[in-house]
Protein chains: 2
Amino acid sequence: MAPDDEVLTRMTDLAGQEPAGTLASSVYDRLRGDILSGSLPPGEKLRTETLRARYQVGNSPIREALNRLSADGLVTREDQKGFRVAAASRADLEELVKTRCWLEAIALREAITNGDNDWEEELVLSFHRLSRVRRSSSEDHYTVNPEWERLHRAFHLALLSACGSRWLLQYCAQLNDQADRYRQLAIVVSYPRRNELDEHEAMMKAATGRNADEAISLLMAHYERTAGIIRESISEFAAS
Amino acid sequence: MAPDDEVLTRMTDLAGQEPAGTLASSVYDRLRGDILSGSLPPGEKLRTETLRARYQVGNSPIREALNRLSADGLVTREDQKGFRVAAASRADLEELVKTRCWLEAIALREAITNGDNDWEEELVLSFHRLSRVRRSSSEDHYTVNPEWERLHRAFHLALLSACGSRWLLQYCAQLNDQADRYRQLAIVVSYPRRNELDEHEAMMKAATGRNADEAISLLMAHYERTAGIIRESISEFAAS
DNA sequence: TGTCAATTAAATATCGAAATTATTTGATTG
DNA sequence: CAATCAAATAATTTCGATATTTAATTGACA
């Protein structure tokens, strides 16, 4: 293989477009995407046979992906009873938001305390990139823009990335996934009219300005507002 | 099923005593135990063939267990390169202890705020049970007592169980596992002479007395002391 | 002697079918 | 008619073998 090809492969990898070196990882990514996007609804039974047909692979990669997802909390597993998409309920949402605020408050404070120049620059960069793409792919009706979703996630992760604990960072990312799923479930119902860009900018500026209390306060409000929108747009989620 | 039964099941589940209805789950439990006990040292390569011989099962259950463990952070996985026991280092230990203190401080405060009568009684009970078994199976030289380890874990989980977030509880349990592994690695070196019972009693009393600040302070000191002992007894862990 | 390429060996990842376990269906009995 | 048990059916879990990929070894050439 030519060196140029290698570099190209690497680049696309980093861009998140070329998913996986192994079938199991590829299925993991696709399944994860389908759950997060709501394409596979909460409580849905995940039969081996069905998934094999859907993703055109054998038994083992499917099973491997499901096991990984169950550890992420996106899928539930019961011995001898197989797998399901994790249930979603209003109570779970409240618990999720609460936990997320607890953990991210710590992470953000630590990041602001310990973050170095690289962290600041990465944060500014993340915001800039996010500001350059529209939330919806379409102008009139809302269509999820995968690029925005990706950059949005990257921004929030960049905020916390200097917290000094890979454990905490991983947990925040996991809760982020969960919250994203609820957001997508809500989007099906209501078009989100809200200028999140200003909120993100305010957070970015408070963080780079090393104003921890202000930044945390903004972040909490941000999540509380998001949760409010989700609450309003959905009375109850299917949980079976 | 009565609510009480559900809670009880949860508790014993978290204590890790169930017999495992599937081969994969059984291997998961045994492998987890072997890693936590230090029987499989940090960085150890986990070959399919070796593990098949060790646990006398086929290919699939091994892989499944490894995938679950890698999500728990006890095993690392790299596409096309297989699995290894997670590395251990002094830096990791510090990060772990730090994170644990952050998370458990929140969890304990919430538990003390929200805990009901059942929580209090479960806590008193957990302490009582812990107080009835010796830490070492043998009198003269230290021998890990699995019963004590189990009850110790159960006590700490009971402390936090009313925190109101299954997410947070799960994360604390996970960090608990990691810390336990370091404890076992340290035990190989030095006999732990320390009256932990008094510390646990003080925590229990502060918690049931709804004195959050005191309880948190005791818990943090408890972990800091444990970390200190581990630090002293080990200069550096093998990481390859 | 050192480096690189080709080959061999080893290990991982994947498949398809067999064995095990849960669920449904239907018949029999109290 | 409800309830229980047994057979049939469906789904999950597991095995042994095969295909792919990575690592190690060998040998040729500079």
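Here is the naming used below: chain letters follow the sequence lines, and residue numbers restart at 1 for every chain. Computed from a prediction, not measured in an experiment: that's the story for all the values here.
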Task: Whole angstrom value for the distance that separates P of dT14(D) from CD of E64(B) - done: 6 Å
Task: Residues D34(A) and Y55(A): side-chain donor-acceptor under 3.5 angstrom - done: yes
Open item on the list: Using a 4.0 Å heavy-atom cut-off, does T48(B) contact any base of the nucleic acid, only the sugar-phosphate backbone, or nothing at all?
Closed with: sugar-phosphate
- [ ] Would you indicate, yes or no, if dA10(D) has its OP1 or OP2 atom less than 4.0 angstrom from a side-chain nitrogen or oxygen of K45(A)?
- [x] no
Open item on the list: Heavy atoms from C-beta onward define the side chain here; which of dC15(C), dT12(C), dA11(D) lies closest to that of V57(A)?
Closed with: dC15(C)
Task: Residues E147(A) and R150(A) bridged, charged N to O under 4.0 Å - done: yes
- [ ] Would you indicate which nucleotide in dC15(C), dC15(D), dT12(C) comes nearest to any side-chain atom of P61(A)?
- [x] dC15(C)
Task: L23(A) CG to dA13(C) P, straight-line distance once rounded to whole Å - done: 11 Å
Task: Atom-pair distance (CZ on R84(A); P on dA11(D)), nearest Å - done: 12 Å
Task: Phosphate-side-chain proximity, K81(A) and dT23(C), N/O vs OP1/OP2 below 4.0 Å - done: yes
Open item on the list: Please determine whether a side-chain nitrogen or oxygen atom of R63(B) lies at a distance below 4.0 Å from atom OP1 or OP2 of dA13(C).
Closed with: yes
TODO: Please report, rounded to the nearest Å, how far the C1' atom of dA17(D) is from the CZ atom of R52(B).
DONE: 10 Å
- [ ] Please tell me if the side chains of W167(A) and R100(B) come closer than 4.5 Å, counting only heavy atoms from C-beta onward.
- [x] no
Task: Minimum-distance nucleotide (side-chain atoms of Q80(A) versus dT14(D), dT12(C), dT21(C)) - done: dT21(C)
TODO: Among the candidates dT14(D), dT12(D), dT14(C), find the nucleotide nearest to the side-chain atoms of S60(B).
DONE: dT14(D)
Open item on the list: Tell me the interatomic distance from E78(A), atom CD, to dT12(D), atom C1', rounded to whole angstroms.
Closed with: 13 Å
Open item on the list: So that I can tick it off, tell me whether D72(B) and R32(B) are bridged by a salt bridge, with the cut-off set at under 4.0 angstrom between side-chain N and carboxylate O.
Closed with: no
Task: R77(A) with E64(B): basic N within carboxylate O range, under 4.0 Å - done: no
- [ ] Check whether any side-chain N or O of T22(B) sits under 4.0 Å from OP1 or OP2 of dT21(C), and answer yes or no.
- [x] no
Open item on the list: From CG of D79(A) over to P of dT21(C), roughly how many Å is that when rounded to an integer?
Closed with: 12 Å
Task: Distance in angstrom units between E49(B) CD and dA13(C) C1', rounded - done: 15 Å
TODO: Using atom OH of Y28(A) as one end and atom P of dA13(C) as the other, report the distance to the nearest whole Å.
DONE: 16 Å
